[in-house]
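Dropping a structure here in structure tokens format, bear with me for questions.
No hydrogens, no waters, no symmetry mates; every other heavy atom, side chains included, goes into these values. In what follows, chains carry the letters A, B, and so on, assigned in the order in which the sequence lines appear, proteins first and then strands, with residues in each chain numbered from 1.
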Amino acid sequence: MSRAWTTMLRELNGYFFNPVGYLIAVLLYLYRGVELSAVVETVRDIGGRDVEEFATAYVLQFSSLIMIVLVPPILTMRCFAEERRTGSIEVLLTAPVRNWEVVVGKWAAAFVFFCVLWIPTLGVLWLLTGDSYLATSIPFSPVVAGYLGLVLVGAFALSAGCFFSSLTDNVLLASLSGILFGWGLISLPSFVTPYVDTYAERWPLLESLLAQMNVFAQLTQWFSRGLIDTGHCAFYVTGTAFFLFLTTRSLEARRWR
Amino acid sequence: MAMNFVKRFVGKALIFVSGILALAVWLGLTVLAGRPGVRQMIDVSPQARFTFSQETEDLLTEVRARGLKIEIDTFYVALGSVPQLTVEQKQWATVLQRIQSLTTDLLRVYEARGRGAVHVEHFDEMREVKRMRERREELRARQRNSIVVSIGDRHKELILDEDLAAIDFPNPNAPPTPGGQRWFARLDTYKGEEAISSAIRSLLVEGTPVVAFLKGYGEATILEGVADSYSELAGALADDGFEVRELNLRKTQEIPSDVDIVALFEPTRELTDRDAEILLAFLRHGGRVVLNVSYRDLPVDHNPTFRGFGSRLGFEIGSELVLHLVKDPRMPDAPGRAGIESQTLDTVLNPVHPITRPLARAGRAPQLKIARELRTLAERPEGVHVDLSLLRTGPYAWLAPRRASGGTTDLSGPRDASQVAVRSVGGIIDVDPETGDRQGHLVVLGGVAFINAGFASNGDLALNIFNWLAARQELVTVRGTRYQSKRLELNEVQTRRIGTLLGWYVPGALLALALIVYWRRRSS
């Protein structure tokens with residue numbers, strides 16, 4: 001486990017001392033700032049709205065979706081694809097470290113950096129409650145639950161990104177696959193569910209599975225409202241474990257070439 | 001060479017199989033974790049609005065145990081069809097949207113907690129016109145922005161902005177605030193759980209008590225579309241599983257044996273001795289009666305006092321109007337002043353009686369616009385128990401006399417302090433049975449038109465009365481957690497400051513951080 005920890009610290013160092021990560025954050029926060037300013041202006045224009053609605057809107061903006069669709073593949077695209085391209089993967093795989101430790105270490109580093117990217121939003125929300133800005137207390141519990149949902153989805157998307165990165169030596173292909181996966185994760189269940197509903201009585205298992213996989217509905221209708229369903233959490237945790245397992249197996253497969 | 005190929009093929013096949021197995025395990029665990037018995041819900045919402053009261057949990061357990069299915073259909077008004085040209089209209093749309101969103105959230109929890117016993121169907125007013133119309137006709141849904149709760153053939157319609165929420169409407173006569181701030185309709189309280197659970201409970205109650213509204217005394221009607229009609233009460237009773245009909249004692253000469261409750265609302269003529277005897281006999285045989293009196297300024301003789309009926313049961317109804325001093329904010333220590341507002345009475349509910357206890361606990365005392373006093377008679381017939389503490393006024397109520405000239409009501413105020421006192425405007429008379437052990441009950445209400453004119457706020461009291469009289473104690477209750485809406489209002493300065501913080505300061509700080517990292521990287 002300590003070797004996984006060492007791998008994570010080494011990777012994390014790479015993330016924090018790469019200005020590209022910060023540039024991504026600047027662009028995201030700029031976009032997020034424009035979005036939230038529009039929300040605030042709407043509140044002013046319509047004469048006010050429920051504080052809880054503002055808290056929910058703060059967590060779930062289009063920029064939040066960008067954060068969970070675009071950022072994880074960008075963070076993980078180089079994990080293995082770059083190592084494969086440069087040939088350093090052979091060094092890594094022959095080092096006295098197990099495949100799963102490499103996978104977990106790289107994923108954990110990306111996960112920590114992903115979580116760090118969200119921290120300024122919490123700081124800003126705290127600032128907003130001040131007398132100069134909103135001048136009111138905001139219910140933090142749905143915000144925290146919303147962040148939990150985003151972080152869980154992020155962890156899942158990062159593990160999938162690691163897997164796609166392990167399949168190819170093309171960084172662009174790895175990131176594109178991750179983006180497509182993330183976009184499919186967000187949009188596909190909502191698109192498919194109405195069709196499946198027709199056959200819900202015949203295939204209750206499929207309906208249940210789709211409900212568990214409906215990431216967008218879970219974020220907008222459960223987590224961001226302050227309602228945490230352990231069934232949903234289990235989907236992300238086991239899904240993350242599944243993709244990490246696949247990534248390990250993918251690295252293992254190199255032995256058989 | 002061939003050996004190597006086989007080894008590689010087997011190795012890759014094993015990895016592929018392990019991947020498939022892992023996928024099966026993942027999907028299996030996902031389905032298992034989503035099973036109703038396994039999944040848990042952790043509610044961290046403000047005011048724990050997703051945490052059901054024990055009564056609702058028990059109700060859903062009962063529904064599951066009885067193998068019943070609850071269908072809940074939502075017929076929300078499409079907010080795109082609500083005019084949103086002015087700020088007031090936009091704010092109203094915001095209020096409706098919030099109620100719809102809170103209701104959708106709540107119904108999702110009902111579905112999850114119901115573990116298969118509750119099914120929610122949302123209809124889109126814009127996209128599913130035909131399907132929605134057919135379903136509405138099937139459920140006899142009359143309102144546009146409503147939900148319908150059904151169990152089997154029975155169903156109950158709840159209006160979102162009336163039954164599920166309390167909305168604070170602006171007073172058009174309110175003086176302008178400093179700075180010219182405008183007031184809009186705003187969501188005050190959301191009480192969805194209370195309304196939906198009560199609807200489910202009412203649909204579960206078996207049997208159909210019969211309520212007969214008496215005709216022939218110049219009383220208020222229960223017909224729809226007639227001014228001052230009690231049609232809303234009649235509709236709510238029907239939704240609660242009562243059979244509602246009309247009864248004319250002059251035609252039938254007696255109260256039919258299948259009638260459980262007889263109601264007489266705002267009669268303008270006295271009961272005859274014969275009718276009083278019929279009602280008394282009904283009470284002596286365990287019957288239940290509701291009497292709600294009226295008050296007319298003119299003609300004076302349209303205010304029956306029911307002296308004959310009352311004397312048989314040990315009570316009397318005052319002919320004067322009850323008024324109450326109104327607090328004057330300029331003199332907070334004084335009892336108050338008289339005036340036209342004195343006709344509005346803030347009542348005090350009996351905190352113990354099953355009819356009023358849940359309302360008293362919830363702090364939902366009805367407000368009466370005008371009322372007449374109920375008094376006990378010194379001479380009380382045997383087997384009759386009079387309790388006039390159901391609804392009372394505050395301590396500064398007096399009786400307004402009629403003016404000598406013209407007979408109109410004199411609202412000028414009490415002549416001296418001895419005239420003010422607590423006065424009863426609602427009571428219960430229990431009548432011991434001649435045979436058997438079923439006691440007769442008479443509920444007398446002195447509040448005029450407070451059930452029909454203010455059904456949205458006073459309807460619960462009325463339904464509690466009927467349910468208690470029908471011995472359906474389980475319905476005489478108000479339950480569920482309520483969500484108090486807290487508003488966020490922003491002015492121009494705040495909006496500008498927030499825009500600067502979010503659009504400039506935060507990205508600027510991150511950009512500075514990126515430059516520092518870049519500079520350190522280059523220098524190292």
> Which bit of A:S137 comes within less than 4.5 Å of chain B, counting heavy atoms only: side chain, backbone, both or neither?
Replying inline: both

>> Only pairs of heavy atoms separated by less than 4.5 Å count here; which of B:T94, B:V31, B:V25, B:I42 has the most with chain A?
In response: B:I42

>> Working to the nearest 0.5 angstrom, can you tell me the gap between B:R521 CZ and A:N18 CG?
In response: 5.0 Å

> Checking heavy atoms, do the side chain of B:V109, its backbone, both or neither come under 4.5 Å from chain A?
Replying inline: side chain

>> If we define contacts as heavy-atom pairs under 4.5 Å, which of B:G503, B:S18, B:G34, B:G19 has the most with chain A?
In response: B:S18

> Does a sphere of radius 6.0 Å around CZ in B:R131 hold more than 12 heavy atoms from other residues, nucleotides or ligands, not counting ones at 6.0 Å or beyond?
Replying inline: yes

>> Under a 4.5 Å cutoff for heavy-atom pairs, which residue among B:N491, B:T495, B:L27, B:V95 has the most contacts with chain A?
In response: B:T495

> Non-hydrogen atoms of chain A under 4.5 Å away: do they reach the side chain of B:L29, the backbone, both or neither?
Replying inline: side chain

> Most heavy-atom pairs under 4.5 angstrom with chain B, which of A:T136, A:L134, A:V237, A:V34?
Replying inline: A:L134

> Does a sphere of radius 6.0 Å around CZ in A:F16 hold more than 12 heavy atoms from other residues, nucleotides or ligands, not counting ones at 6.0 Å or beyond?
Replying inline: yes

>> I need the B:L502 CG to A:Y29 OH distance, nearest 0.5 Å.
In response: 11.0 Å

> Looking only at atom types and distance, does a side-chain atom of A:S141 sit under 3.5 Å from a main-chain N or O of B:V44, one as donor and one as acceptor?
Replying inline: yes

>> Report which part of B:D43 has an atom under 4.5 Å of a heavy atom belonging to chain A: side chain, backbone, both, or neither.
In response: both

> Parallel under 30°, tilted from 30 to 60°, perpendicular over 60°: which one fits the rings of A:F242 and B:W26?
Replying inline: parallel

> Under a 4.5 Å heavy-atom cut-off, does chain B meet the side chain of A:V40, its backbone, both or neither?
Replying inline: both

> Can you tell me how far the CZ atom of B:R108 sits from the CG atom of A:L227, to the nearest 0.5 Å?
Replying inline: 8.5 Å

> Where on B:T500 is there a heavy atom nearer than 4.5 Å to chain A: the side chain, the backbone, both, or neither?
Replying inline: neither

>> For the CG atom of A:D229 and the CZ atom of B:R39, what is their distance to the nearest 0.5 Å?
In response: 4.0 Å

> Does any heavy atom of chain B fall under 4.5 Å from the side chain of A:F140, the backbone, both, or neither of them?
Replying inline: neither

>> Need one label for A:A241: side chain, backbone, both or neither, based on atoms under 4.5 Å from any heavy atom in chain B.
In response: neither

> Pick from B:R496, B:Q97, B:Q47, B:Q91: which one has the most heavy-atom pairs with chain A under 4.5 Å?
Replying inline: B:Q91

>> Please report the interatomic distance CD1(A:I228) to CE(B:M41), rounded to the nearest 0.5 Å.
In response: 12.0 Å

>> Quick check: do A:P139 and B:K486 have side-chain heavy atoms less than 4.5 Å from each other?
In response: no

>> For chain A, which candidate among B:L515, B:I516, B:L511 shows the most heavy-atom pairs at distances under 4.5 Å?
In response: B:L511

>> Whether the side chain of B:T30 engages the backbone of A:F235 through a donor-acceptor N/O pair (distance < 3.5 Å, no angle test) should be reported.
In response: no

>> Check this for me: does any side-chain nitrogen of one of A:R49 and B:E489 sit under 4.0 Å from a carboxylate oxygen of the other?
In response: no

> Could you give the distance from CG (B:L23) to CG (A:L246), rounded to the nearest 0.5 Å?
Replying inline: 8.0 Å

> Is chain A contacted by the side chain of B:F50, its backbone, both, or neither, given a heavy-atom distance below 4.5 Å?
Replying inline: side chain

> Does any heavy atom of chain A fall under 4.5 Å from the side chain of B:R497, the backbone, both, or neither of them?
Replying inline: both

>> Quick check: closest heavy atoms across A:A135 and B:Q494, and the distance to 0.1 Å?
In response: CB-NE2, 3.8 Å

>> I'd like to know if B:R98 and A:E52 make a salt bridge, using a cut-off of under 4.0 Å between side-chain N and carboxylate O.
In response: yes

>> As an exercise: rank A:Y236, A:F17, A:Y31 by heavy-atom pairs under 4.5 Å with chain B and give me the winner.
In response: A:F17

> For chain A, which of B:R520, B:K90, B:R49 has the most heavy-atom pairs under 4.5 Å?
Replying inline: B:R49

>> So for A:Y133, is it side chain, backbone, both, or neither that comes closer than 4.5 Å to the heavy atoms of chain B?
In response: both

> Under the salt bridge (Lys or Arg N to Asp or Glu O under 4.0 Å) rule, what pairs show up with a residue in residues 23-45 of chain A, not counting sequence neighbours?
Replying inline: A:R44-B:E492

>> Test side-chain contact (heavy atoms from CB on, under 4.5 Å) on B:L488 and A:D50; report intermediate values, then the result.
In response: CA-CA 6 Å; B:L488 171 69; A:D50 198 300; over 6 Å; no

